[in-house]
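Throughout, a chain's letter reflects where its sequence line sits, starting with A, and its residues are numbered from 1.
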Amino acid sequence: MSNDQQQNQDLGQDHDQDQDQDDSRSFDPRTFEPKWREYWHEQGLDRTPENPSNKFYMLEMFAYPSGDIHMGHFRNYTIGDVVARYQKMLGKDVLHPFGWDAFGLPAENAAIKHGIQPGEWTLSNIEKSRSSLQQMGISYDWDRELVTCREDYYKHTQWMFLLLYERGLAYRRNAEVNWCPIDQTVLANEHVVGGCCWRHPDTPVEKRTLEQWFFRITDYADRLLDNLDQLDQWPEGTVKQQRSWIGRSEGAEIDYRLEGLAESDTLTVFTTRPDTLWGATFLVLAPEHPLTARLTTDSQREEVEAYVAQARSKTEIERMDATRDKDGVFSGSYAKHPVTGEAVPIWVADYVLAGYGTGSIMGVPAHDQRDFEFARKYDLEVRVVVQPEGARLDGATLDEAAPGTGKLVASPPFDGTEVPQGIPDVIRYLEEQGVGRGKIQYRLRDWLISRQRYWGCPIPMIHCDQCGVVPVPLDQLPVELPKNVENFVPSGRSPLEDVKEFFEVECPQCGGAAHRDADTMDTFVDSSWYHLRFLDPHNTEEPFDRAEAAKWLPVDYYIGGDEHATGHLLYFRFFTQVLHDAGWLDIEEPVVRLFHHGMVMDDKGEVMSKSKGNVVAPAELFARDGVDIPRLAMLFFAPSADEILWNEKGIDGVRRFVQRLWSLFEETVADARYAAAGEVRPDALSAEAKEGRRLLHWAVERTETSLEGDLNFNTAIAAFMEMMNALRKVGAPATWSDDDFPVLAEAVKMTSRAMAPLAPHLSEEIWHRAGGAESVFIAGWPTVDPEALKRDEVEIPVQFNGKLRVRLHLSPKATREEMEIAALADVRVQEILDGQEPKRVIVVPGRLVNLVV
RNA sequence: GCGAAAGUGGCGGAAUUGGUAGACGCGCUAGACUUAGGAUCUAGUCCCGCAAGGGGUGGGGGUUCGAGUCCCCCCUUUCGCACCA
């Protein structure tokens, strides 16, 4: 305690009036918060019930341990904790676990920098972070903690891989992949952001051709898409993002015979507009298309090869720029148009993507803007085959493509057909002729999971010269990641290849010399099933017990940032569906309700980062104010889904609120009348006390609404502030009348319960001081008295033509007629009317009166 | 370029969903208590105006007795997708 405070206390001794000032100054949450954390632990409040009768599975996205907990974690886990504690108070059997997403590149990078093992670095960060979370008093059941880099976890991650392999959902393929030159490893499509690595936004990804493991998530594209309709408690934006990420489009594949090559050779294109087939005047291959080289004639070879080389050398960003000129080269070859039999020139251009559809398209310049631009540039024929309503388009004079609807023309069997109908008609025709078929195409690609890095879960596969690729037998799991690997500096191939004891093995099938797959898995595999491991974290035999899963799933509430919309949140839906199909789960969708919290920025709205030096450390806040004050501040500053600009001044306001509330309640409990205070008798109350009581019940209701709905606790906390302001306005507790006093007593008990999810330590302390015997979380959620919410009198605005002129005070129960009479009888209204009759009187009962004059 | 969301005091944000715009908090102003205060308490604080009154939710139009809220056009910001045939 400082000298200043000491002096103040001394001065206060002579003056009763200074007493509460004194109390508030000496109020320090740090003196009681640790006690309650211990108490909760002793009472087993955070422990998960064995056999839930009304379960609530509360989950927050687990953390990557990269040092200590930061403000973003603090916010995420606080919001989750509020919901978990509330559900507990409602009497639910709550499962609220936590774990660590502990594999990953940052551990390696930090380890390289500091010269220690990634495992050591990770575990020490976990220790630090766990201790911070425990200090924060988040109500996790730590008995269920999981760590993805521990063998007891990744054993089952490997089991998951083998399950997918067994079901034909994991396969190996030579593919052109995204390569991050900094991390020296491949990236999944989901981790390429704007042509750059998600972790290095300024580093363009490169293309490499490698043999890699993929998960066949595209097999689930339809289900992942269709089930989105069930996710009515997910943020709309996330559902939309997933929908467009999956990118289903319906169309047709059409086969073109290739001239001059073997009869059996065909070139297949994908189109969503098979109805415009008669307008296809050229074909375009992506530079990387497998047929490009074969289709190039000798006279064109030099030009095509130069073009392909140039296209390959472009960065992803350059390739993706949709505004740049569409250029290309003629291959020299022609294909036979499947319905007109015409010879169609085949071009090579990089506006066609190798990775989508068949990597080749039919060019319909009249009805596709891209093809149009290309055709104009190289003087290719533009043939109109759809005439829009009332138009008379001519290919020779067109200045942009006409992609819309209309009637088919110059398409002999279908002339006159309207476009929407033309599409299925043409598909049927193509199928009859054997030159095409209906096809549904997805933007979603298979999930590339191999990583050429050390710190990840080893892929449990063995390569044998005799037997090929052989899965590691289940009883040999886990395939342990070798410890103490000296050289894990990324080199472009997995460092595990150099670890003999690991790499060289016997083939499980033939016993001959073989070697392990040296790649490790994308860490998003680890997090695709962690929600399941929490159900049965100590199971050594199986990833989890089916019965436990049936008890607890699905996750009732999942909270985390929106940056995972098309990554993690898609992968873990996929895993859940695979496990469902394999008979392990009853559910297809892992999460009922999803919430994205906003980010925490500095006071200027900038991202907090070490390099900017604007990082606020939660630990420092706790050291000064304890946990509950920063926690309330975090909840108060903005709606939970919005960004927070963290400012220290704002905390001052919250601290004042807490201190005032504390003093008010302390004085109430200290009052001799407190112990004997009976029920509130509403009829006996003064108007002020009644208003205070109304605000009390209103605040509780408001909190309830936030908890059940948008999680916007800023308004709930504001309501408690209003209540407190109203009660303080009546006077110090000692000055309250005997009739009014029970309102204060009620306020103490009700507030400590209703604020318990928001400020658990403070509430528990007040609750006990107020006479609570057991934990406030056992005491349960308070019940709002609807009668207490009613007002005796409301202010009714009287408007003239919608403009507010006079305010009346009336009973909220006043009828239409009564309100009209009261309004017209008012002197001020009479003055304004000045003898006129209002043309019309609009009365909204309980709300307002509007006079039209 | 396409899609979505959002623009409210000096600042963070409210507004019971078409009914008193600016709750609550920060900041600011004045006063009180103080040897002192970056503590505490009291009062005030959207703008113009001494006042009566007038204006006001990015801009412009519209619907309505009444619009921050609904409709149309424009501007700005943020986010997502970005040649997906």
May I have the distance from A:Gln241 (atom CD) to B:A82 (atom P), rounded to whole angstrom?
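Going from A:Gln241 (CD) to B:A82 (P), I get 10 Å.
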Presence of A:Tyr356 side-chain N/O under 4.0 Å of B:A85 phosphate oxygens OP1/OP2
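A:Tyr356 to B:A85 OP1/OP2: side-chain N or O found under 4.0 Å.
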Starting the side chain at C-beta, find the nucleotide from [options] nearest to [X].
X: A:Glu722; options: B:C24, B:G13, B:G19; value: B:C24
X: A:Pro797; options: B:G12, B:U20, B:C26; value: B:U20
X: A:Asn647; options: B:G13, B:C65, B:C26; value: B:C26
X: A:Asp350; options: B:G27, B:A14, B:C83; value: B:C83
X: A:Met721; options: B:A14, B:A85, B:C24; value: B:C24
X: A:Asn714; options: B:G19, B:A85, B:G13; value: B:G13
X: A:Arg656; options: B:A85, B:C24, B:U40; value: B:U40

Can you check whether A:Ile79 reaches A:Met634 side chain to side chain, under 4.5 Å on heavy atoms?
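No, too far: nothing below the 4.5 Å cut-off.
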Taking salt bridge (charged side-chain N to carboxylate O under 4.0 Å, His left out) as the test, write out the residues that go with A:Arg624, two or more places apart.
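Testing A:Arg624 for salt bridge (charged side-chain N to carboxylate O under 4.0 Å, His left out), a comparison that skips the adjacent residues, returns A:Glu648.
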Classify the nucleic acid contact of [X] as base, sugar-phosphate or nothing, counting any heavy atom under 4.0 Å across all strands shown.
X: A:Gln799; value: base
X: A:Glu643; value: sugar-phosphate
X: A:Arg728; value: sugar-phosphate
X: A:Lys803; value: sugar-phosphate
X: A:Asp642; value: nothing
X: A:Ser360; value: nothing
X: A:Tyr351; value: base

May I ask you to establish whether A:Arg383 and A:Trp278 are in a cation-pi arrangement, using a distance under 6.0 Å from NZ or CZ to the six-membered ring centre and at most 45° from the ring axis?
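Ring-cation test returns no.
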Interatomic distance at P, B:C72 relative to B:G3, whole Å
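Straight-line distance between the two P atoms is 14 Å.
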Considering only atom C1', compute the distance from B:U69 to B:G19 and round it to an integer number of Å.
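My reading of the C1' atoms in B:U69 and B:G19 gives 11 Å.
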Which residue lies toward the 5' end of RNA chain B, A:Lys240 or A:Gly650, if each is placed at its nearest nucleotide?
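Whichever sits nearer the 5' end wins; that is A:Lys240.
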Which comes earlier along RNA chain B counting from the 5' end, the contact point of A:Ala638 or that of A:Met362, where each point is its nearest nucleotide?
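In this pair, the answer is A:Ala638.
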Just by distance, with hydrogens left out, do [X] and [Y] show a side-chain donor and acceptor under 3.5 Å apart?
X: A:Tyr307; Y: A:Thr292; value: no
X: A:Asp710; Y: A:Asn712; value: yes
X: A:Asp222; Y: A:Tyr442; value: yes

Stems formed with participation of RNA chain B [Watson-Crick or G-U wobble, under 3.5 Å, three or more pairs]:
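So far as stems of 3 or more pairs are concerned, RNA chain B shows B:1-7 with B:75-81, B:10-12 with B:24-26, B:27-32 with B:40-45, B:46-48 with B:53-55, B:58-62 with B:70-74.
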Compare every heavy atom of A:Pro274 with every heavy atom of A:Val426, then report the nearest pair and how far apart it is.
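A:Val426 and A:Pro274 have their closest heavy atoms at CG1-O, 3.4 Å.
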Would A:Phe374 and A:Phe282 count as a close aromatic pair, with their ring centres under 6.0 Å?
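For A:Phe374 and A:Phe282, the ring centres are under 6.0 Å apart.
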